[in-house]
Amino acid sequence: MDWGMQNRLSNIIKPDTGRTVMLAVDHGYFLGPTTGLEAPGKTVEPLLEYADTLMLTRGVLRSCVDPNTDVPIVLRVSGGTSILGNLANEGLTVSMKDAVRLNVSGVALSIFVGDALEKQSLLNMAKLVDEATEYGIPTLAVTAVGKEMVRDARYLGLACRIAAELGVQFVKTYYCDGFEKIIENCPVPVVIAGGKKIPEADALKLAYNGIKKGAVGVDMGRNIFQSEHPVPMIRAVREVVHNNMTAKKALDLYETLAEEEKKKSRRKSKN
Ligand code: R5P
């Protein structure tokens, strides 16, 4: 791997632990005003100091994120579809020139293995890998977005392996039974998405299990920004990812921090 590529990848996957907490707020690219992201700048601002990487679109990056931030950016560069249409019918939405201008550490696109449009998405990915590699920018393949996608180890393993074979530097997928098989068969690092909002205890278990079975981190969105207490949640997730904290201890931490937050806001509203 060349120096620039390795350097950018180490902005994302932290060399001291070999892990990463990516904060995903790119949902609007096909979901529009997602719950919790109505004002993305406001949502992201208090979370930034706990995120190793921010994953989002160039529109939100430009209009809602302070350019003085030192948080590395993974830019979503695929889209062109909405929740109302066929999600798999994506194309590339950002030129590499603009990605470089935005000083990104990585670029991300979705692939739709198993869909009638799988070839299109895989060829888009191969093209992106070619272009990004020219600039030393790592590519992240996002697998299995969309509710019609099966999320078992066989399918996710297939999608992750194909992405790796076509040259991406890392892959995002979902945690599932037999997750260790996906890891065994994928020669590049794997991060797990959080998926739909679930109780904090379950999201922390998901993160813990994913890490235990070999994921290098999470690329988590809704289970952080839709939590009643997003900052305590991302801090608890960080402990699981970087310090191998158990899900039970992380939940205790979340509850303690959430309680402190509530006390603070009660004091504020009294004054
Ligand atoms: C798909 O909409 C995006 O790539 C999200 O970034 C991804 O699904 C992770 O977010 P969440 O944890 O909310 O699933």
Side-chain angles (χ1 to χ4, degrees), residues 12 20-38 40 43-44 47 50-61 65 71-90 92-94 104 106-113 115 121 124-125 128 139-149 151 156 159-160 163 168 170-176 190-200 202-211 215-227 230 233-234 236-238 240-241:
I12 302 167
T20 183
V21 174
M22 300 175 67
L23 175 62
V25 294
D26 60 327
H27 306 62
Y29 90 95
F30 72 93
L31 286 174
T34 313
T35 305
L37 291 179
E38 295 85 351
T43 302
V44 158
L47 297 171
Y50 304 107
D52 294 317
T53 306
L54 186 60
M55 180 183 173
L56 76 182
T57 59
R58 70 173 162 190
V60 169
L61 179 62
V65 180
V71 175
I73 301 299
V74 172
L75 194 68
R76 169 161 293 269
V77 298
S78 69
T81 57
S82 83
I83 189 71
L84 304 176
N86 178 1
L87 281 189
N89 197 13
E90 284 193 353
L92 295 178
T93 53
V94 180
V104 305
V107 286
L109 90 168
S110 294
I111 56 169
F112 299 88
V113 171
D115 189 273
S121 76
N124 282 341
M125 187 183 68
L128 181 65
T139 299
L140 169 69
V142 176
T143 65
V145 170
K147 47 181 182 301
E148 66 286 357
M149 294 291 173
R151 289 180 183 163
L156 295 175
C160 288
V168 299
F170 60 135
V171 177
K172 168 162 106 168
T173 197
Y174 289 88
Y175 181 75
C176 61
V190 176
V191 292
I192 54 168
K196 256 176 43 193
K197 174 76 177 75
I198 49 179
E200 279 73 10
D202 296 339
L204 290 166
K205 256 185 230 154
L206 182 92
Y208 178 78
N209 288 335
I211 294 293
V216 300
V218 296
D219 188 9
M220 197 176 260
R222 289 163 288 181
N223 278 293
I224 292 174
F225 63 72
Q226 291 178 352
S227 167
M233 187 58 183
I234 196 172
V237 169
R238 275 197 82 75
V240 171
V241 170

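All values reported here derive from a predicted model rather than from experimental measurement. One-based numbering, in listed order, for ligands and for the atoms of each.
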Discussion item. Can you name the atoms of ligand 1, numbered from 1 with element, that are less than 4.0 Å from a heavy atom of Tyr174?
Written reply: 8 (O)
Practice prompt. Taking only heavy atoms of Lys172 into account, list the atoms of ligand 1 that are under 4.0 Å away from them.
Written response: 3 (C), 4 (O), 5 (C), 6 (O), 7 (C), 8 (O), 9 (C)
Discussion item. When you compare ligand 1 with Lys196, is there at least one nitrogen or oxygen pair between them that comes in under 3.5 angstrom?
Written reply: no
Worksheet item: Heavy-atom distance to atom 14 (O) of ligand 1: which of Ala24, Ser110, Gly195, Gly28 wins?
Response: Gly195
Worksheet item: Are Ser110 and Arg76 linked by a side-chain donor-acceptor pair shorter than 3.5 Å?
Response: yes
Fill in: Ligand-residue contact atoms, ligand 1 with Phe30, heavy atoms, under 4.0 Å
2 (O)
Discussion item. Against the six-membered ring of Tyr50, is Arg238 placed for a cation-pi contact (under 6.0 Å from the centre, within 45° of the normal)?
Written reply: no
Response to the item:
The residue among Val94, Val168, Leu140, Leu92 that forms side chain to side chain contact (heavy atoms under 4.5 Å, CB included) with Leu128 is Leu92
Worksheet item: Hey, which atoms in ligand 1 end up nearer than 4.0 Å to a heavy atom of Asp219?
Response: 9 (C), 12 (O)
Practice prompt. Ignoring hydrogens, just give me the one of Met55, Met220, His27 whose non-hydrogen atom is nearest atom 10 (O) of ligand 1.
Written response: His27
Worksheet entry | Atom of Phe225, atom of Val25 and distance for their closest heavy-atom approach | CD2-CG1, 4.0 Å
Worksheet entry | Donor-acceptor pair, side chain of Thr53 and main chain of Ile73, under 3.5 angstrom | no
Worksheet item: Side chain of Thr34, backbone of Gly32: donor and acceptor closer than 3.5 Å?
Response: yes
Response to the item:
In ligand 1, the atoms that come under 4.0 Å of a heavy atom of Arg222 are 11 (P), 12 (O), 13 (O), 14 (O)
